[in-house]
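First the structure, in the form of structure tokens, and then the observations on it.
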There are 2 protein chains.
Amino acid sequence: MGESAAQRLDARTRLIAAATAAFAERGYHATTTRDIAARAGMSPAAVYVHHSSKEELLFLISRQGHDAALDVIRSASPDDAEPFERLHATVHAFARWHAEHHTAARVVQYELRALSPEHRQEIAERRRAIDRHMRDVISAGVEQGVFDVPDVAGTTLALLSLAVDVARWYQDDGQRSAESVDGAAPLRDLLAVLGRQRPQLVLHDPRGGV
Amino acid sequence: MGESAAQRLDARTRLIAAATAAFAERGYHATTTRDIAARAGMSPAAVYVHHSSKEELLFLISRQGHDAALDVIRSASPDDAEPFERLHATVHAFARWHAEHHTAARVVQYELRALSPEHRQEIAERRRAIDRHMRDVISAGVEQGVFDVPDVAGTTLALLSLAVDVARWYQDDGQRSAESVDGAAPLRDLLAVLGRQRPQLVLHDPRGGV
DNA sequence: ACGCATACTAAGCGCTTGCTTAGACTGCAC
DNA sequence: GTGCAGTCTAAGCAAGCGCTTAGTATGCGT
């Protein structure tokens with residue numbers, strides 16, 4: 001062989017890293033394969049030695065990210081933990097992952113439309129698993145009488161959405177970097193303002209409801 | 001003239017509506033000018049009779065959306081209202097706008113990268129105005145001793161981010177449509193779970209802080 | 001009736017895109 | 001040393017892109 005297996009692996013992952021940075025910065029469709037190749041220090045054709053298409057790069061990034069996020073959320077807290085502790089740990093771990101891996105997370109969460117139908121289906125399975133886990137955590141609390149949530153699916157959506165959006169709060173170059181600031185700190189303040197200080201006055205539906 | 005001013009206006013707005021739908025569905029870079037023209041029932045060249053470029057369409061949509069959102073947030077509550085009521089009304093109005101105008105809101109909030117540097121600057125001014133308004137609402141509560149927020153800028157970011165993300169919860173075709181469901185309802189449930197039931201146990205920074 | 005401004009289209013131009021091809025280089029097996 | 005498998009590049013292809021051009025249709029002012 002021309003090079004060792006380690007070198008080949010290095011070229012593959014270097015391309016994935018380059019694609020992640022480019023997709024996060026410009027978006028999938030605004031990124032060219034020439035851009036990816038240049039970031040990895042290769043010629044445009046080299047991309048296709050290691051990957052079959054630009055879309056495959058996106059899929060690999062997306063799958064890797066979803067697997068990591070699912071792993072983080074699952075190992076955040078044991079199933080038999082106290083409901084609120086468990087929910088807290090789950091949301092915190094999920095939000096923290098998105099803060100620390102905000103570059104990859106941007107691609108993982110905001111470039112799903114660009115996936116091929118087949119790949120999108122495979123990613124959708126993992127997203128359903130994440131949703132199911134969060135829903136189970138909330139449902140467990142409801143069943144034990146600790147939470148009072150009329151719309152479990154809606155609350156699951158809102159919680160995941162909020163935690164995912166944390167990825168958009170941070171940049172590598174700016175002051176608000178995930179290394180120096182805890183990912184959940186502004187989240188905590190948000191809740192302090194909206195829920196903690198005047199718990200009886202949370203947002204309400206003016207057309208009825210609670 | 002070939003047609004009346006009303007018809008000309010109609011063609012212009014029809015193109016903007018077509019572009020909004022296309023950008024929201026596929027994203028700016030994945031949308032072709034031929035796609036926009038087809039949605040407006042015109043030939044590809046007709047786009048350039050009324051607008052100078054595809055990017056100009058995005059700019060017009062973005063400016064219109066930011067102006068509307070700024071108007072909504074400013075007229076949500078009077079300056080001398082009680083701090084918590086005022087914050088509540090502001091966040092609620094902003095979130096509700098994003099729920100009701102979720103298609104335009106997606107373009108307005110998630111396609112900013114595609115703007116030209118000049119246009120991006122003009123939009124950035126409006127975004128700073130929105131940020132400033134929300135920050136003032138929080139600051140007023142802090143000064144009056146009603147809120148205890150260490151990081152006002154971070155909390156502003158988190159609140160706006162949360163309300164903006166509401167646009168991603170709704171679709172026109174699905175069950176969760178903004179017409180039938182109040183935009184803030186899942187938000188309310190989210191806060192009920194995280195802040196209301198156990199107000200002393202909001203997310204906290206494990207490395208110190210509150 | 002006629003000139004003219006406006007709305008619109010058919011055709012296509014120049015360019016960039018994702019990706020391929022043909023071939024050079026490298027280091028291991030034997 | 002020779003063959004070969006694997007890595008990479010220079011060059012370029014077909015297709016699709018944003019946008020332009022040349023020309024037609026339409027209706028108003030005079």
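Residue numbers begin at 1 in each chain, while the letters A, B, ... track the order of the sequences. All figures in this text were calculated on a predicted structure; none of them were measured in a lab.
At least one donor-acceptor pair closer than 3.5 Å links the side chain of A/His98 to the backbone N or O of A/Phe94. Formation of a donor-acceptor pair under 3.5 Å by the A/Lys54 side chain with backbone atoms of A/Ile36 is not found in this model.
In summary, A/Asp136 and A/Arg132 do not engage in a salt bridge, as defined by a charged side-chain N under 4.0 Å from a carboxylate O. A salt bridge is absent between A/Asp80 and A/Arg86: the closest approach of a Lys/Arg side-chain nitrogen to an acidic carboxylate oxygen does not fall below 4.0 angstrom. A salt bridge links B/Arg135 to B/Asp131: at least one charged side-chain nitrogen sits closer than 4.0 Å to a carboxylate oxygen.
At the heavy-atom level, B/Ser52 lies nowhere under 4.0 Å from the strands shown. At a threshold of 4.0 angstrom between heavy atoms, the contacts of B/Ser43 include nucleobase atoms, whether or not backbone atoms are also involved.
Side chain of A/Thr32, nearest nucleotide from C/dG18, D/dC19, D/dC8: C/dG18. Checked against C/dA7, C/dT9, D/dC8, the side chain of A/Ala11 finds its nearest nucleotide in D/dC8.
Taking atom NZ of A/Lys54 as the reference point, atom C1' of C/dC19 lies 12 Å away to the nearest angstrom. The nearest whole Å value for the distance from the CE atom in A/Met42 to the P atom in C/dC19 is 17 Å. For the pair B/Glu55 CD and D/dC17 P, the computed distance is 19 Å after rounding to whole Å. Note: CD (A/Glu56) to C1' (C/dG18) measures 14 Å, nearest angstrom. Taking atom CZ of A/Arg12 as the reference point, atom C1' of D/dT7 lies 14 Å away to the nearest angstrom. Summarising the geometry, the separation between OH on A/Tyr48 and P on D/dA10 is reported as 17 Å, rounded to the nearest angstrom. The distance between atom CG of B/Asp35 and atom P of D/dC19, rounded to the nearest whole Å, is 15 Å.
Heavy-atom distances to DNA chain C give each of A/Ala30 and A/Ala45 a nearest nucleotide, and the one nearer the 5′ end belongs to A/Ala30.
B/Arg168 forms a cation-pi arrangement with B/Tyr110, by the criterion of a distance under 6.0 Å to the ring centre and an angle within 45° of the ring axis.
For the OP1/OP2 pair of C/dC19 and a distance below 4.0 Å, the side-chain nitrogens and oxygens of A/His51 include no atom meeting the criterion. Listed pair B/Thr33 / D/dG18 meets the phosphate criterion, a side-chain N or O lying under 4.0 Å from OP1 or OP2.
Using a 4.0 Å cutoff on non-hydrogen atoms, no part of residues 17-29 of chain A comes near DNA chain D.
Using five terminal pairs a side, the axes of the helix from C/dA1-D/dT30 to C/dC30-D/dG1 at its two ends make an angle of 10°, given in steps of 10 degrees.
A/Ala22 approaches A/Asp35 most closely through the heavy-atom pair CB-OD2, 4.0 Å.
Contact of B/Arg34 with D/dG16 (side chain to base): no donor-acceptor pair of N or O atoms is detected under 3.5 Å.
In this structure B/Glu25 satisfies the side-chain contact (heavy atoms from CB on, under 4.5 Å) test together with B/Arg39, sequence neighbours excluded.
For the pair A/Asp165 and B/Leu162, the minimum side-chain heavy-atom distance is 4.5 Å or more. For the pair A/Arg106/A/His102, a side-chain contact is recorded, criterion being any heavy-atom separation below 4.5 Å from C-beta on.
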